[in-house]
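Below, chains carry the letters A, B, ... as their sequence lines are ordered, and counting in each starts from 1. The figures here come from the full heavy-atom set of this structure, side chains too, leaving out hydrogens, waters and symmetry mates.
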Amino acid sequence: MTSSDILAGLNEQQVEAVTAGEGPVLVLAGPGSGKTRVLTHRIAYLIEKHGVRPWHIMAVTFTNKAAREMENRIVGLLGDSGKIDGLSIGTFHATCARILRREADFTPPFSSSYTIFDTADQLAAMKRALADLNLDPKKNTPNSMLSRVSAVKNELLGPGDVAANDYRAEIFQRVYEHYNSLLRASNARDFDDLLMHTVLLFRNHPDVLERYQRRYPFILVDEFQDTNIAQYTLVGQLVAHHRNLFAVGDPDQSIYAFRGADHRNVQRFRQDFPDTQTILLEQNYRSHQAILDAAMGVIDRNPGRIRKQLFSKDTEGPLLVLKEAYNEDNEAQFIIDTIIDLTNRGEYGMGDFAIMYRTNAQSRALEEAFLRAGIPYRLVGATRFYARREVKDVLAFLRLIHNPSDIVSLQRVINLPPRGIGQKTQQTLDAWAQELDVTSGEALLYLLDEDPEDAPFSGRSRSTLARFAELLRSWLEQRDTLTPVELLSLVLEDTAYLNYLDDGSADGQSRVENVLELRGVASGYDGLDLTTFLEEVSLVADTDTRDDDTQAPTLLTLHSAKGLEFPVVFITGLEEGVLPHSRSIEAVEESADSSAIQEERRLLYVGITRTEQRLYMLYTFRRSLYGYSDTNRPSRFLYDIPESVFEYSDLRQRGQATTDARAYREMTTWAQTTTPRPPRSSKTKPARFKAGTVVWHKKYGEGVVVGSRARGDIEEVNVLFPGGSGEKTIMADFLKPVDQD
DNA sequence: GGCTCATATTTTTTT
DNA sequence: AATATGAGCC
């Protein structure tokens, strides 16, 4: 293969980017402009044309999935997988995790067998930290403390660097300090530590940094707009010497500010490297013009950005559909009907559809509808396999074996299945360990091995502890001779964990199956050690490795849609309070900070621009959220989309009437003129309908009111319909009293 | 110490 | 709606 083959099919700007000389290169690209393609071609180009050895290249992506895809594409370009041997492609976190493991000598007290704490582990550690400090977890909630810790870690601030100028700040500082020390004692790092500790390692050990600079003279970063301070600093350290940084990104697609991403890093990059070549990729190869017009309508309302004129050669394409559904079930049904219709016409296969939503909770109604319709679907993310209790339990056993100091894992499994080690005993153990200045796991082994006279346990709890310690001891002895899957099987056998799970319920059965599936995963690590297995499992939390080839509609959040594209896209829940999310609306109302709303806008922009051909946007009149059903107004963003892009739209820009049935029309008009969530204190209007009244409903006909509840402006009426329909709960606006003359 | 039931609290998005 | 914590009882 020659280099001209690698450049085949690229446009002028793309070629310019791929063949750019060495030194800093920044590719600013719009959606669908092939920026990931440019990145992969660049790698292939460096290897093929410049003779760069693949092990001299480090490419950093945002998700594991993107990394895999990129790898496949490069192999496709080079035609031989052997040509990329040693190429390092992965996420920031995975890359850092590996560096920290390899350089453990420079990062005491962490050893190379350190544990990675995921969100749930962090929460457990934080709860413990708050308890240790005698702080009220109701006043300082573990979650809020964790998000603050995460925020400062992303800015590379240690406990000594955060302000402690008032009482609350001082509390936070102490919590942060103690939380960190708990992690340190457990030989554990959280996700943010992976980045921060790597930066600190390089800062404190220039010789180590230099080794990595020499090792990776070519650094490429995808989705650069989503880097946070720590990641930006890390990149800066690695390229400081050779300056071969190739970064691609789109500030309009920055949707991770909530975890510290700062799209201003794009500007910062140009300041820090004044000789940066900036290359713009503007032409869109994914969508047709109407979709781009809709996308621009949404994003152009964001202030302070460089406006991009998105254009496509594809000027003809199906116009968009904006549909109002009554509730989430109708919304789902509309989607199902549309999918069936489009596939019946032979235009699309089942794998061509994507259904996107703001929050994972919204997937439920959709899943139920798909199940009812008997259509298989692919669900991305959501109930993550590795977040399941039973999977976490089994992994906690393995992690404890891997690292007996891990207090969070120990706490998780010490009484699992219940073996008589209750809270009281655990507290005593912790206190005793503290006295001995060791971790609880070590104390446990000490109890077994030394059988000390002065251990503060009753006879019974001492013997149960010793029995568990024996288990742990025997596992530790076999740790280095068994493969991960053998070790896992041994644990299951020794603890009878599967028996404990299998309580006869269907739920228990599926839990057993999940554990068996985990065992299946582990068996893929036969030649590898436990450390590698646990590290990958902590960092590859994607479920989408399975079912990748099944041809079925994909359900996913707008966030996880980034980087993907689909012929037909449904964006659901386009309502105030959902998109934009109520939290973001609150942020604006409370502090006049519109950045959260701007991010929601970008999120919708990302969703719209995933579409190749057909885009359906949906909002509902009524939606159940947090167990409460409430009415919503259409999203403010919808009003920014030019009406001309729609083939069909239910949205009345100026409130004018449509041809819908009158009762329904009254209701929607009402919906637009009322606030979505009346405060609890708002006056409840008197009920309009009393029991016994005869009423008429569009669908069910005549019925008799049996009861009515009013709350705020909403009145719901129970109506008994003769003739099979039975009793229904109906919005008052749907009903008209029937004159009894 | 452990189990069951009742109450509270929660959900934004991900490595 | 689903899960986490807490009280009360065995």
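In this model, the phosphate group of B:dT14 is approached by a side-chain N or O of A:Asn360 to a distance below 4.0 Å at OP1 or OP2. Within the structure, a side-chain polar atom (N or O) of A:Thr425 is placed less than 4.0 Å from OP1 or OP2 of B:dG1. Taking only side-chain nitrogens and oxygens, A:Thr557 comes nearer than 4.0 Å to OP1 or OP2 of B:dT14. The shortest distance between the side-chain N/O atoms of A:Asn228 and the OP1/OP2 oxygens of B:dT15 is not below 4.0 Å.
Rounded to whole Å, atom P of B:dT14 lies 9 Å from atom CD1 of A:Ile255. The CG-P distance, from A:Leu558 to B:dT13, rounds to 11 Å in whole Å. Computed from coordinates, the A:Leu603 CG to B:dT13 P distance equals 11 Å when rounded to whole Å. Going from atom CG of A:Asp121 over to atom C1' of B:dT15 covers 14 Å, rounded to whole Å. Distance, A:Arg460 CZ to B:dG2 P: 8 Å, rounded to whole Å. When the P atom of B:dT10 is taken as reference, atom CD of A:Glu586 falls 13 Å away, rounded to whole Å. As rounded to whole Å, 14 Å separates atom P of B:dT15 from atom CG of A:Asp222. In this structure, A:Asn154 atom CG and B:dT14 atom P are separated by 16 Å, rounded to whole Å.
Proximity of A:Thr557 to A:Met356: side-chain heavy atoms (C-beta onward) are nowhere separated by under 4.5 Å.
Taking the six-membered ring wherever Trp is involved, the centroid distance between the rings of A:His581 and A:Phe258 does not fall below 6.0 Å. Ring-centre distance between A:Tyr500 and A:Tyr497: below the 6.0 Å cut-off.
Side chains of A:Glu536 and A:Tyr525: a donor-acceptor N/O pair is present below 3.5 angstrom, by distance only. For the residue pair A:Tyr179 and A:Asp190, a side-chain donor N or O sits within less than 3.5 Å of a side-chain acceptor on the partner. Defined by atom type and a distance below 3.5 Å, a donor-acceptor pair is missing between the side-chain atoms of A:Asn143 and A:Thr141.
Along DNA chain B, the nucleotide closest to A:Gln122 and the one closest to A:Thr141 are compared, and the more 5′ of them pairs with A:Thr141.
Going from the C1' atom of B:dT11 to that of C:dG6 covers 22 Å, rounded to whole Å.
Listed by residue number, the members of residues 409-424 of chain A with any heavy atom below 4.0 angstrom from DNA chain B are A:Asn415, A:Gly420, A:Ile421, A:Gly422, A:Lys424.
Salt bridge absent: A:Glu575 and A:Arg633 never bring a charged side-chain N and a carboxylate O closer than 4.0 Å.
Ring geometry for A:Phe224 versus A:Phe269: interplanar angle over 60°, hence perpendicular rather than tilted (30 to 60°). Below 30°, between 30° and 60°, or above 60°: for A:Phe110 and A:His197 the angle between ring planes is between 30° and 60°, a tilted geometry.
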Quick one: which protein N/O atoms are closer than 3.5 Å to N/O atoms of nucleotides 3-8 of chain C? Pair and distance per line, please.
| from | atom 1 | to | atom 2 | distance (Å) |
| --- | --- | --- | --- | --- |
| C:dT5 | OP1 | A:Lys127 | NZ | 2.4 |

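Within 4.0 Å (heavy atoms only), A:Asp192 reaches no atom of the nucleic acid at all. Using a 4.0 Å heavy-atom distance criterion, A:Phe92 is classed as making no nucleic acid contact.
Here C:dA1 is the nucleotide among C:dA1, B:dT15, B:dT14 with the atom lying nearest to any side-chain atom of A:Arg364.
For the ring-ring contact (aromatic ring centres under 6.0 Å, His included) criterion with A:His559, the lone passing option out of A:Phe62, A:Tyr357, A:Tyr256 is A:Tyr256.
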